[in-house]
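Notes to accompany the following structure.
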Amino acid sequence: MSDRSKAFSRRHFLKGTALGLATLPLAGTVLRAPSARADELPRLEEDDPAAQAVDYVHDAADAADHPDYEEGQLCANCQLYTDENGEWGECSVFPGKLVAAQGWCNVWVPVN
Ligand code: SF4
């Protein structure tokens, strides 16, 4: 490898490294964006067809007569729930919507 080619490679590496370091703060902002957005998400309505498909209710007590419901099951203790917003949180079954912490649906998954 010639001196000129080594110098080019070194310069190319340094430029790439500097660019990578310069973009780190931006990457952090992008990665934090979903949780920052949780406050702005709409609440899932019980009459939403997707909610009705899995018998979702805002209050688990309303599911007491459902054959799949077992006492104590709540969105708040479901593995698919992420409590990002107090009484309402995100659920991977309903991307882009919030479900009630005291809610329930027939997809409920126990936390390991
Ligand atoms: S999957 Fe879990 S968190 Fe999501 S709506 Fe059903 S019970 Fe609630």
Side-chain angles (χ1 to χ4, degrees):
M1 188 180 264
S2 71
D3 287 343
R4 184 175 174 174
S5 148
K6 284 181 189 171
F8 176 78
S9 291
R10 193 176 312 123
R11 187 169 49 240
H12 190 76
F13 171 77
L14 291 173
K15 276 175 112 176
T17 302
L19 182 62
L21 290 174
T23 59
L24 276 178
L26 179 62
T29 300
V30 170
L31 293 174
R32 279 192 304 270
S35 60
R37 241 190 38 196
D39 289 348
E40 302 164 16
L41 294 175
R43 294 176 177 182
L44 177 68
E45 298 294 337
E46 289 182 354
D47 61 358
D48 183 308
Q52 291 181 332
V54 293
D55 300 325
Y56 169 83
V57 288
H58 292 318
D59 184 349
D62 294 341
D65 60 348
H66 193 287
D68 295 334
Y69 175 77
E70 291 180 24
E71 192 169 334
Q73 294 179 346
L74 299 168
C75 290
N77 60 23
C78 173
Q79 192 174 58
L80 306 179
Y81 181 80
T82 51
D83 182 13
E84 295 286 347
N85 200 20
E87 294 300 307
W88 294 79
E90 293 182 76
C91 164
S92 55
V93 174
F94 302 105
K97 302 264 176 86
L98 296 175
V99 298
Q102 298 302 309
W104 179 86
C105 85
N106 64 24
V107 181
W108 185 86
V109 179
V111 176
N112 292 328

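Indexing begins at 1, ligand by ligand and atom by atom, following the structure's order.
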| request: Would you name the heavy atoms of E87 and Q102 that are closest together and state the gap between them? | output: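 Residues E87 and Q102, closest heavy atoms: OE1-CG, 4.5 Å.
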
| said: Testing the basics here: between L44 and W88, what is the closest heavy-atom pair and its distance to 0.1 Å? | reply: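 In this case the closest contact between L44 and W88 is O-CZ3, 4.5 Å.
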
[X] heavy atoms, cut-off 4.0 Å: which ligand 1 atoms fall inside?
| X | value |
| --- | --- |
| V93 | 1 (S) |
| F94 | 5 (S) |
| L80 | 1 (S) |
| C78 | 1 (S), 2 (Fe), 3 (S), 7 (S) |
| Y81 | 3 (S) |

| request: Please find out if atom 6 (Fe) of ligand 1 and some N, O or S atom of C75 are separated by less than 2.8 Å. | output: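 Within the cut-off used here (under 2.8 Å), C75 places no N, O or S atom near atom 6 (Fe) of ligand 1.
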
| said: Under a 3.5 Å distance rule, please check whether N77 uses its side chain to pair with a backbone N or O of L74 as donor and acceptor. | reply: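 Confirmed, N77 side chain pairs with L74 backbone.
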
| query | Among C91, A51, G103, which one has a heavy atom closest to atom 1 (S) of ligand 1? | reply |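 Looking at heavy atoms only, C91 sits closest to atom 1 (S) of ligand 1.
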
| query | Got the closest protein heavy atom to atom 6 (Fe) of ligand 1, with its distance? | reply |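 Closest protein heavy atom to atom 6 (Fe) of ligand 1: C105 SG, 2.3 Å.
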
| said: If hydrophobic clusters are built by linking Ile, Leu, Val, Met, Phe, Trp and Tyr wherever their side-chain heavy atoms come under 4.5 Å apart, do L41 and V99 end up in the same one? | reply: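 Linked within one cluster.
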
| task | Using a 4.5 Å cut-off on heavy atoms from C-beta on, say whether the side chain of F94 contacts that of D48. | result |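 The answer is no; the side chains never approach within 4.5 Å.
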
| Side chains of W104 and D68 in contact at under 4.5 Å (non-hydrogen atoms) |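 Side chain of W104 against side chain of D68, heavy atoms only: contact under 4.5 Å found.
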
